[in-house]
Amino acid sequence: SAAVDPASGREYYVHAPTGRTCWELPDPQALTESNAPATSAPVSNAPALPSGWTLLLDPATGQPYYVNESTGATQWERPDARI
């Protein structure tokens, strides 16, 4: 799916199953699970994100931000699990 980098305003693309991001529209073949790079999620004591939210890293700054896959909304603050 497409998202907008909050720091630069540039559109980029997110492969939701892997969290992989890129500036150019990727070749769908390159995003298959078998071709995707292995990633490991950091261990955290933080509660799970609310359903539909994904944690990503801003490609320009490396700072974490959150994307709501249903609405396309992005925010710097961790979404409240009670919402």
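Please read all numbers here as calculations on a predicted model, not as lab measurements. Only this structure's heavy atoms are used, side chains among them; waters, hydrogens and symmetry mates stay out.
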Nearest atoms (heavy-atom pairs only) where [X] meets [Y]:
X	Y	value
P64	L55	CB-CD1, 3.6 Å
W53	A73	CZ3-O, 4.2 Å
A60	W23	N-CZ2, 4.5 Å

Practice prompt. Could I get the full list of side chain to side chain contact (heavy atoms under 4.5 Å, CB included) partners for Q63, not counting sequence neighbours?
Written response: T61, W76
Item to complete: Please list, chain by chain and in numerical order, all residues satisfying side chain to side chain contact (heavy atoms under 4.5 Å, CB included) with S70, sequence neighbours excluded.
Response: N68
Fill in: side-chain contact (heavy atoms from CB on, under 4.5 Å) evaluation trace for Y66 with T74
CA-CA 6 Å; Y66 302 89; T74 61; over 6 Å; no
Worksheet entry | Derivation and outcome, side-chain contact (heavy atoms from CB on, under 4.5 Å), residues T54 and L49 | CA-CA 7 Å; T54 303; L49 289 171; 5.6 Å; no
Worksheet item: What distance do Y13 atom OH and E24 atom CD have between them, rounded to the nearest 0.5 Å?
Response: 8.0 Å
